[in-house]
Amino acid sequence: MSRSLSMRGSMRSRRDLPPPEKTIERLEAMVDGGNFYEAQQMYKSTSARYIAAQKYSEALDILESGALVQLKHGQVTCGGELAVLFVDTLVTGELPYNEETFGRIRKMYEAFPKISVPHFLGDDYDDEGHQLSEAISAAKARAESCSSFLRAAIRWSAELGASRNGCPELHVMLAEYIYSESPETDMTKVSSHFVRGNDPKKFASMLVNFMGKCYPGEDDTAIARGVLMYLSQGNLRDANLLMDEMKEQLKSANSEFPKTDLIQFIKYLLPTLERDAYPLFRTLRQKYKTSTDRDPVFDELLDEIAAKFYNIQRQNPLEGLFGEMFKI
């Protein structure tokens, strides 16, 4: 009898949950009034009740609204947490990837603040130095919050229907945000997401931009890394597109590729991979070994390229630095 009463009570509680519109309106008013933390707790507890009742659509509406309004007010930690909970709800409800849900994720991504971090200190070093430290800390918090959200979204899209590597557009969005917003740009991480994306032209623009502000010797390494990462995925087409697009953009800017042995190696490597020419591939590796040794990951990438294009088995497939690069 008690079990029957419990089941009836559970069914009644599911029916008694109100439509989310009034809850959303009330919580948005709290955030607009500056009660960020209190509203945050209510967003979480209220959405949890809808999730427990398997009313996932209503929970998603509440969480999306909360993320957007918190981010609008610059509450990145709160907004980012609700955005991650939005994705967690998609996973809990086993809701498959589709364009409508992708659009909602993009809308939340676009709501994350994008604020330039100052790169030069003024005459008053102590004052400007303090301001710079605060700006860098805030930028790190923004980058980590947005990255956590997009990484969760990529995992969901991979698990529930986009592609094995996750939605390509989400990878591009993550690469862009890391590059533009992180005060300590990790070009390996940026490139690893671009190569799982679907926009070599945008990747080329980012590399051209990086060439204009990086330290000497970093430009050719970044270009080679991007090309080799594409090739390690067996993607010769986009590796060629990346180089062609960079060539066009550099020409428009009255500039050109760095004149280094590493770039020369890449230019020789691409046509080699279009042929059944493993001896030539091996010869190129030996000839340009000094250049490719500049980055410890290049050797692993080249091993993977040999496996993809010439069926030369790697000793430790997907281990070491190579495996780490492509982790979400």
Side-chain angles (χ1 to χ4, degrees), residues 13-93 95 98-118 131 133-157 169-170 173-174 176-178 180-183:
S13 68
R14 292 187 184 189
R15 289 197 302 268
D16 290 346
L17 283 173
E21 290 78 14
K22 287 191 176 181
T23 299
I24 289 172
E25 185 177 338
R26 177 165 53 86
L27 293 179
E28 285 186 352
M30 288 179 63
V31 176
D32 288 338
N35 299 313
F36 306 120
Y37 179 77
E38 183 181 354
Q40 181 76 354
Q41 300 313 303
M42 293 189 69
Y43 275 118
K44 292 164 66 176
S45 61
T46 304
S47 62
R49 288 198 295 272
Y50 283 93
I51 292 167
Q54 297 184 5
K55 292 192 171 187
Y56 301 116
S57 177
E58 290 87 345
L60 292 172
D61 289 344
I62 292 168
L63 292 167
E64 179 185 7
S65 169
L68 291 173
V69 71
Q70 292 277 27
L71 290 169
K72 182 182 77 172
H73 285 276
Q75 301 298 305
V76 176
T77 301
C78 289
E81 184 179 10
L82 294 176
V84 170
L85 286 174
F86 178 95
V87 178
D88 289 345
T89 303
L90 294 173
V91 175
T92 299
L95 303 173
N98 58 47
E99 287 301 316
E100 187 269 335
T101 307
F102 168 74
R104 298 174 75 172
I105 290 172
R106 176 184 284 280
K107 187 176 181 180
M108 285 182 276
Y109 161 72
E110 291 174 346
F112 276 85
K114 296 176 176 63
I115 305 168
S116 297
V117 179
Q131 291 181 26
S133 177
E134 289 185 344
I136 289 174
S137 295
K140 285 181 177 178
R142 288 194 304 274
E144 181 53 39
S145 184
C146 187
S147 296
S148 296
F149 164 52
L150 288 177
R151 287 196 301 267
I154 289 168
R155 287 192 294 269
W156 158 74
S157 70
E169 290 87 351
L170 289 173
M173 286 156 57
L174 180 52
E176 284 185 298
Y177 200 87
I178 294 171
S180 64
E181 298 302 314
S182 176

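- Not a single side-chain hydrogen bond (donor to acceptor under 3.5 Å, both in side chains) links Asp88 to another residue, sequence neighbours left out.
- Residues Leu85 and Leu82 form a side-chain contact, since some pair of their non-hydrogen atoms from C-beta on lies under 4.5 Å apart.
- Expressed to the nearest 0.5 Å, how far NZ of Lys55 lies from CG of Asp61 amounts to 12.5 Å.
- Remark: Glu25 pairs with no residue by the side-chain contact (heavy atoms from CB on, under 4.5 Å) rule, at least two apart or across chains.
- A pairwise comparison of heavy atoms in Glu181 and Ala139 identifies O-CB, 3.8 Å as the closest pair.
- Applying the side-chain contact (heavy atoms from CB on, under 4.5 Å) criterion to Thr77, with sequence neighbours excluded, gives no partner residue.
- Put simply, the side chain of Ser47 never gets that close to the backbone of Leu63: no donor and acceptor are under 3.5 Å apart.
- Checked against side-chain hydrogen bond (donor to acceptor under 3.5 Å, both in side chains), Thr46 has no partners two or more places apart in sequence or in another chain.
- In this structure, CD1 in Ile51 is found 3.5 Å from OG1 in Thr89, a value given to the nearest 0.5 Å.
- Atom OH of Tyr50 is separated from atom CD1 of Ile62 by 5.0 Å, given to the nearest 0.5 angstrom.
- Under the side-chain contact (heavy atoms from CB on, under 4.5 Å) criterion, Ser147 pairs with Arg151, Leu174, Ile178, sequence neighbours left out.
- Counting heavy atoms from C-beta on, the side chains of Leu17 and Glu58 never come closer than 4.5 Å.
- To the nearest 0.5 Å, atoms CZ (Phe149) and CD1 (Ile154) are separated by 10.0 Å.
- Across all their heavy atoms, Gly79 and Ala67 have their closest contact at O-CB, 3.6 Å.
- For Phe112 against Gly80, the heavy-atom pair with the smallest separation is CZ-CA, 3.8 Å.
- Taking 4.5 Å as the limit, every side-chain heavy atom of Leu68 sits out of range of all side-chain heavy atoms of Arg104.
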Pair up each side-chain donor or acceptor in residues 31-38 with any protein partner under 3.5 Å, not counting sequence neighbours, and list the distances.
from	atom 1	to	atom 2	distance (Å)
Asp32	OD1	His73	NE2	2.7

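- For the side-chain hydrogen bond (donor to acceptor under 3.5 Å, both in side chains) test, no residue two or more places apart in sequence or in another chain qualifies with Gln41.
- When every heavy atom of Met30 is checked against every heavy atom of Ala39, the shortest pair comes out as CE-N, 3.7 Å.
- Under the salt bridge (charged side-chain N to carboxylate O under 4.0 Å, His left out) criterion, Glu169 pairs with no residue at all, not counting sequence neighbours.
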* Asked: Where do Tyr43 and Val69 land on the side chain to side chain contact (heavy atoms under 4.5 Å, CB included) test, with the steps shown first?
  -> CA-CA 11 Å; Tyr43 275 118; Val69 71; 3.4 Å; yes
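- Residues Phe86 and Ile105 form a side-chain contact, since some pair of their non-hydrogen atoms from C-beta on lies under 4.5 Å apart.
- Between the side chain of Trp156 and the backbone N or O of Leu95, at least one donor-acceptor pair lies under 3.5 Å.
- With sequence neighbours excluded, the residues forming a side-chain contact (heavy atoms from CB on, under 4.5 Å) with Glu81 are Gln40, Lys44, listed by chain and number.
- Within the model, atoms CZ of Arg155 and CG of Leu170 stand 12.0 Å from one another, a figure rounded to the nearest 0.5 Å.
- Under the side-chain hydrogen bond (donor to acceptor under 3.5 Å, both in side chains) criterion, Glu28 pairs with Ser65, sequence neighbours left out.
- Scanning for salt bridge (charged side-chain N to carboxylate O under 4.0 Å, His left out) contacts around Arg106 gives Glu110, with sequence neighbours left out.
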